[in-house]
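Contents: one structure, followed by commentary.
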Amino acid sequence: MVRPKTEEEIELLRINGELVSKTLAEVGKLVAPGVTTAELDRVAETFIRDHGAVPSFKGFEGFPSALCISVNDVVVHGFPSDYILKEGDIVSVDCGTFYKGYNGDSAYTFPVGEVDAETAKLLAVTKESLYKGIDAAVAGARVGDIGYAVQSYAESFGFSVVRELEGHGLGTKMHEEPGVPNYGRPGRGTRLPEGLVICIEPMICAGARGVYLARNGWAVHTSDHRNAAHYELTVVVRKGRAEQLSTFEYIEKKSIQ
Ligand code: MG
Ligand code: MG
């Protein structure tokens, strides 16, 4: 069932959105060649707990860590590990928080040092496809309008859209109705009511869109082992223009310094 949130609920979701945004910025400050992904996870977990919240991914269906950290051909759900980031890698960091009964959920793909031009383009296009999806998430539109906006933009650059995973509603639970696929047809699917809170999260591949699940049952890899990027923001559906509850502003301000 699709249930719009009250303004009181949205306020709690906004607090969580701020916290995931700031946590991702803390992680982003550390991303560099020579750093292990486990170190990024430790910093995030400490930051989240210092703010009185809980890292919602940890323990979720047995997930071992605060962050999902997915390097290069891992699309999503990678485990933080002793892997040492190296120049030219990309690292997708997905962060979830739980505070006062509500969830936060956002993700960002960071370049490690200098990446090649094709990879830089993959990151830029994936992030922009998320904003195209947000533009489409207005009250009265349908879920298919979001998917179409993401897909048509990403595919116009020759990239492909992962079909097996999708965005979702957000509230007291980490995943609520509706599912928000990153592909679709305009005018199709669930109608978006004002006050609905959703996570839009394009997962875009440099090569073919096929994926497979690693033997650990979590990490999702591209079948052709080319890179994939993942960006996610939480928004409230509003009339005329969705309102962001999370932001990349903290990350991108820091990267300019
Ligand atoms: Mg997420
Ligand atoms: Mg999500």
Under a 4.0 Å threshold between the charged nitrogen and the carboxylate oxygen, would [Y] count as salt-bridged to [X]?
{"X": "E155", "Y": "R209", "answer": "no"}
{"X": "R3", "Y": "E177", "answer": "no"}
{"X": "E18", "Y": "R14", "answer": "no"}

Passes salt bridge (charged side-chain N to carboxylate O under 4.0 Å, His left out), E7 versus R238? Steps please. CA-CA 12 Å; E7 291 303 321; R238 301 283 195 193; 2.8 Å; yes

Evaluate the side-chain proximity of [Y] to [X]: yes if any heavy-atom separation is below 4.5 Å, no if none is.
{"X": "K100", "Y": "I15", "answer": "no"}
{"X": "R188", "Y": "R142", "answer": "no"}
{"X": "N227", "Y": "T222", "answer": "no"}
{"X": "F60", "Y": "H175", "answer": "yes"}
{"X": "S81", "Y": "F79", "answer": "no"}
{"X": "E61", "Y": "W218", "answer": "yes"}
{"X": "F157", "Y": "L122", "answer": "no"}
{"X": "L165", "Y": "V220", "answer": "yes"}

Look up atom [atom1] in [X] and atom [atom2] in [Y], then write down how far apart they are to the nearest 0.5 Å.
{"X": "H230", "Y": "C205", "atom1": "NE2", "atom2": "SG", "answer": "12.0 Å"}
{"X": "Y108", "Y": "K127", "atom1": "OH", "atom2": "NZ", "answer": "3.5 Å"}
{"X": "E201", "Y": "N182", "atom1": "CD", "atom2": "CG", "answer": "7.0 Å"}
{"X": "F57", "Y": "C68", "atom1": "CZ", "atom2": "SG", "answer": "5.0 Å"}
{"X": "D105", "Y": "C95", "atom1": "CG", "atom2": "SG", "answer": "8.0 Å"}
{"X": "K22", "Y": "S106", "atom1": "NZ", "atom2": "OG", "answer": "13.0 Å"}

Look only at the side chain of [X] and the backbone of [Y], and say whether a donor-acceptor pair between them is shorter than 3.5 Å.
{"X": "E252", "Y": "E249", "value": "no"}
{"X": "N103", "Y": "G171", "value": "yes"}
{"X": "S129", "Y": "Y153", "value": "no"}
{"X": "Y231", "Y": "T109", "value": "yes"}
{"X": "D145", "Y": "P186", "value": "no"}
{"X": "S21", "Y": "F248", "value": "no"}
{"X": "D89", "Y": "V112", "value": "no"}
{"X": "S65", "Y": "L67", "value": "no"}

How close do [X] and [Y] get, heavy atom to heavy atom, and via which atoms?
{"X": "P111", "Y": "V31", "result": "O-CG1, 3.9 Å"}
{"X": "P193", "Y": "R191", "result": "CD-O, 3.3 Å"}
{"X": "P55", "Y": "E45", "result": "CG-CG, 4.0 Å"}
{"X": "A66", "Y": "D41", "result": "N-OD1, 3.0 Å"}
{"X": "T23", "Y": "A44", "result": "CG2-CB, 3.7 Å"}
{"X": "L192", "Y": "A136", "result": "CD1-O, 4.5 Å"}

Going hydrophobic residue to hydrophobic residue with side-chain gaps under 4.5 angstrom, can you get from [X] over to [Y]?
{"X": "V93", "Y": "V115", "answer": "yes"}
{"X": "F63", "Y": "V71", "answer": "no"}
{"X": "I200", "Y": "L123", "answer": "yes"}
{"X": "V138", "Y": "I134", "answer": "no"}
{"X": "L19", "Y": "Y250", "answer": "no"}

Does any donor atom in the side chain of H168 or E176 lie under 3.5 Å from an acceptor atom in the other side chain?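 E176 and H168 do not have a side-chain donor-acceptor pair below 3.5 Å.
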
Check the side chains of T97 and N16 for a donor-acceptor pair under 3.5 angstrom, ignoring hydrogens and angles. yes

Verify side chain to side chain contact (heavy atoms under 4.5 Å, CB included) between K5 and I10, making sure each step is shown before the conclusion. CA-CA 6 Å; K5 300 297 187 280; I10 289 169; 3.7 Å; yes

Hey, mind stepping through L233 and L130 against side chain to side chain contact (heavy atoms under 4.5 Å, CB included) and telling me if it holds? CA-CA 8 Å; L233 288 169; L130 165 56; 3.8 Å; yes

Does the side chain to side chain contact (heavy atoms under 4.5 Å, CB included) test come out yes or no for V54 and I48, once each step is laid out? CA-CA 6 Å; V54 169; I48 291 166; 5.6 Å; no

Could you go step by step and tell me if V20 and T234 meet the side chain to side chain contact (heavy atoms under 4.5 Å, CB included) rule? CA-CA 10 Å; V20 291; T234 305; 5.7 Å; no

What residues form a salt bridge (Lys or Arg N to Asp or Glu O under 4.0 Å) with R241, not counting sequence neighbours? D135

State yes or no: are the ring centers of H225 and Y212 separated by less than 6.0 Å?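 Ring centroids of H225 and Y212 are less than 6.0 Å from each other.
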
Would you say [atom1] of [X] has more than 12 non-hydrogen atoms from neighbouring residues, nucleotides or ligands within 6.0 angstrom?
{"X": "I84", "atom1": "CD1", "value": "no"}
{"X": "D82", "atom1": "CG", "value": "no"}
{"X": "R185", "atom1": "CZ", "value": "no"}

